[in-house]
Amino acid sequence: MLPVFEVPEVWSAPYAKDGLTASAALLLCAADEALRRAGPQSIAGKRVGVVIGTSTGASLDFLDCYRRWRSGGEPDLAAIRRYGRSNPAVMLARRLGLNGPALTLTNACSSGTDAIGLGAAWIRLGLCHTVLAGGTDALNEISYNGFARLMVASPEPCRPFDLKRAGLNLGEGAAVLVLEAEGEARRVQACGYILGYGTCSDAHHLTAPHPEARGLRRALQDCLDHSGIQAGDVGFVNVHGTATATNDAVEGPLLAEMLPGIPVSATKGFTGHALGAAGAIEAAFVLGCLGRGELPPSRGFSVVDRAVQAEPVRERTCVDAQNAISVSLAFGGLNAALALSRGDSPCA
Amino acid sequence: MRLSILGTGLVADFGSIEEMVRHVEDGLRPGTLPRAPEADTSPLSGHYSPRELRRIDHFTRMCLLAAHRALDVAALESDEDMAIVLASGYGPAHTTFDYLDSIIEFGEAGASPLAFSHSVHNIPAATVAMLLHLTCPSMSLCQADGPVWAGLTASWTWLAEGRARRVLFIAADERTPLLEDVLNRVRPGFLPCEGAVAFVLGAGDKAGYAVLELGVAPEQDARVVDLRCSYGASPVSAAFDLAVAVELAQKTTQPVLVHEGGREPQNMLVEPQDAP
């Protein structure tokens, strides 16, 4: 299978020389950018936690090393040591000399959203002054092949929520948000606020969502309840929108029911599905969209699927929104929703 | 950060909680514990049919059995308002290597989609949720450095913010031939162990078997439990120690301290309470 997207430049290349995995290198790249924006005072002398979502970034998927060992050779200890020092949250905490909790969250494709939800709780409960929360995942042949074998990967550019959708495209990337309590964050003009978060597992099937979106319904309701907002307060929703037949058919109707008439944005047509990083990347997109007051076109979507019910925006669309919600679904029947609010200055 | 412990369950290749407590009372002798080839999960057949268990891997079976034992001690039904937090050093390692085996043996076109999906790190927690009928918040975390502390911190967070009334916290890791070989090369003679331990946790000082205080100073006047020298290496060894500490604290009515090393070493103090 050929790559759907061309990647002209390896953004994380300057970080890869330190003997880290690609996921860890991507994370360092994103963390550096986030901390440049937030300023060194965000972490200096403070209790700083790290919570990073990932999928491939914590997996024992060193195929070449395993193949060699399996055929009777000695294991490549360098590959194993690289894995050992690249655990995303622990690596970042060590690199920056942070003294708060470090947690690598492996909730599959909702990991990034869950990480931000947990990080926000650490701030709210006074466990940390600052939390670096986000997600990271690099493409590799192991997961790429796995999704292909599950018959959910499309050889064409993906078409979220579209009638002719034929599966997902994998992507890679990382995003990190620097979270501080509201009063602290005013120092540097926050580019957004976390209002609340909800999460719930379907307890239904390991690889398919509940047909009536049982867990997503509760996650979204918990998110609204924790945020103190109602559906009418939501300016737009960023959907998970993987472009698989089942995800979109479950996610769309639930959103149409619980957030009726609210503009929908689907971004995986631009990025592919970055697995454990996706929720964090899309949270950053949401903050960007809130700040700019507009949504990008939902690339790949053109033909309405009546079964999906929700209709992502096709064109660049102005939205005067104070609040938005980002939704993630995952293997294992996990669901997560994050409510974000517009900040005092644009993110970028 | 304080948590009440309402139930504890262990399944491991080095024995039961009671055996470990006897071992402590007899005086620790490093490396003397007999080790089974693998943790025995056969008692799951008392809870589930062979059909229900047929596709469940060893790692998940350990988690599920430990969860049942903890729920039994807590005298709870499985459909309580309960979240799941599962901490591990390496995740379901056997299923990961099973998937790599399928790629090596059959090529990319013949790789096993079942092994791939089961190697995803949140599948064990999802399976526990499914079989216990827990439609609930669920979190999996994977790190060899401080997984128990991280998992307990996450559990405390969810309880403190009212996301659930109780948390089923599971810590688990399994032995694999590659990991055993690597550990033997890096630290000869130090064998990995495997097992899962589950705790039913409540917020604060609610009536439970014990209260767990996280992040206490190391100079606490308390007995210390550190059994790594007896049962071998595991990223989640502090959780095994914690299970023993809960039993010891109950038995002696004295506080017991457990230590987890790593980037930010942490101490956890178990204080006994009257049984509910």
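Only a predicted model underlies this, so the values are computations on that prediction, with no experimental measurement involved. In what follows, every chain begins at residue 1, and chains take the letters A, B, ... in the order their sequences are listed.
- Partner B/R2 forms a side chain to side chain contact (heavy atoms under 4.5 Å, CB included) with one of B/L212, B/V211, B/L269, B/L159 and no other, that one being B/V211.
- Of the listed residues B/A93, B/G91, B/A109, the one with more heavy-atom pairs under 4.5 angstrom with chain A than any other is B/A109.
- Heavy-atom pairs under 4.5 Å with chain A peak, among B/A126, B/A129, B/S140, at B/S140.
- When all heavy atoms of A/S86 and A/T21 are compared, the pair lying nearest together is OG-N, 2.9 Å.
- Residue contact with chain A, scored on non-hydrogen atoms closer than 4.5 Å, involves the backbone and the side chain of B/T127 alike.
- When each of B/I103, B/D181, B/V186, B/T153 is scored by its heavy-atom pairs under 4.5 Å with chain A, the top score falls to B/D181.
- With a threshold of 4.5 angstrom between heavy atoms, A/H210 does not approach chain B through any atom at all.
- Both the backbone and the side chain of B/D145 come within less than 4.5 Å of a heavy atom in chain A.
- Side chain of A/T136 to main chain of A/S23: a donor-acceptor pair is present (N/O by atom type, distance under 3.5 Å, no hydrogens or angles).
- Looking at B/Q143, both its backbone and its side chain come within 4.5 Å of chain A, counting heavy atoms on both sides.
- The residue among B/C136, B/A150, B/S138, B/G146 with the most heavy atom pairs within less than 4.5 Å of chain A is B/C136.
- By the 4.5 Å heavy-atom criterion applied to side chains, A/W69 and B/P177 are counted as neighbours.
- A side-chain donor-acceptor contact under 3.5 Å links A/N140 and A/D61.
- Looking at A/S59, the atoms closer than 4.5 Å to chain B (heavy atoms on both sides) sit in the backbone and in the side chain alike.
- Of all the listed residues (B/H118, B/E264, B/R163), the one sharing the greatest number of non-hydrogen pairs under 4.5 Å with chain A is B/R163.
- With a 4.5 angstrom heavy-atom cutoff, B/I123 touches chain A via backbone and side-chain atoms both.
- The contact between A/I80 and chain B is made entirely by side chain atoms (from C-beta outward), counting heavy-atom distances below 4.5 Å.
- Interface residue A/F147: backbone and side-chain heavy atoms are both found under 4.5 Å from chain B.
- Comparing B/R185, B/E161, B/Q266, B/M1 by how many heavy-atom pairs each has under 4.5 Å with chain A, the most go to B/R185.
- Between B/E174 and B/E38, every side-chain heavy-atom pair lies at or beyond the 4.5 Å cut-off.
- By the 6.0 Å contact criterion, CZ on B/R51 is open, its count of non-hydrogen atoms from other residues, nucleotides or ligands being 12 or less.
- Across A/V90, A/T56, A/D114, A/L77, the residue that shares the most heavy-atom pairs under 4.5 angstrom with chain B is A/V90.
- The line from CG of B/D81 to CZ of B/R166 is 8.5 Å long, rounded to the nearest 0.5 Å.
- Proximity to chain B (any heavy atom under 4.5 Å) is restricted, for A/D202, to the backbone atoms N, CA, C and O.
- Judged purely by atom type and a 3.5 angstrom limit, A/R149 uses its side chain to pair as donor or acceptor with the backbone of B/A111.
- Side-chain contact between A/T199 and B/P137: present, with at least one pair of heavy atoms (C-beta onward) separated by less than 4.5 Å.
- Here A/N99 is the residue among A/N99, A/T54, A/L127 with the most heavy-atom pairs under 4.5 Å with chain B.
- In this pair, B/F97 and A/Y66 present their aromatic rings parallel. The plane angle is below 30°, not in the 30 to 60° band.
- Contact of A/A89 with chain B is not made at all, since no heavy-atom distance falls under 4.5 Å.
- Contact of A/R94 with chain B is made through backbone and side chain together, with heavy-atom distances under 4.5 Å.
- Between chain B and the residues A/A121, A/P75, A/A330, the most heavy-atom pairs under 4.5 angstrom are made by A/P75.
- Counting only distance, with no hydrogens or angles, the side chain of B/T95 and the backbone of B/A115 share no donor-acceptor pair below 3.5 Å.
- Side-chain contact between A/C200 and B/T135 is present, with heavy atoms from C-beta onward closer than 4.5 Å.
- The greatest number of non-hydrogen atom pairs below 4.5 Å with chain B, out of A/G53, A/A102, A/S111, A/P101, is found for A/A102.
- Side-chain atoms of B/D241 do not come within 3.5 Å of backbone N or O of B/H259 as any donor-acceptor pair.
- Both the backbone and the side chain of A/L103 have a heavy atom closer than 4.5 Å to some heavy atom of chain B.
- Comparing A/G332, A/G198, A/G57 by how many heavy-atom pairs each has under 4.5 Å with chain B, the most go to A/G332.
- Looking at B/T96, only its side chain comes within 4.5 Å of chain A, counting heavy atoms on both sides.
- Here the side chain of A/H273 pairs no donor or acceptor atom with the backbone of A/L168 at under 3.5 angstrom.
- If you measure heavy-atom distances from A/I142 to chain B, the contacts under 4.5 Å come from both the backbone and the side chain.
- When A/N335, A/L105, A/N107, A/N87 are compared by the number of non-hydrogen pairs under 4.5 Å with chain B, A/N107 comes out ahead.
- Only the side chain of A/R218 comes within contact range of chain B, with at least one heavy atom under 4.5 Å from a heavy atom of that chain.
- Ring geometry for A/F331 against B/F116 counts as perpendicular: the plane angle is over 60°, on a 0 to 90° scale with 30° as the lower cut.
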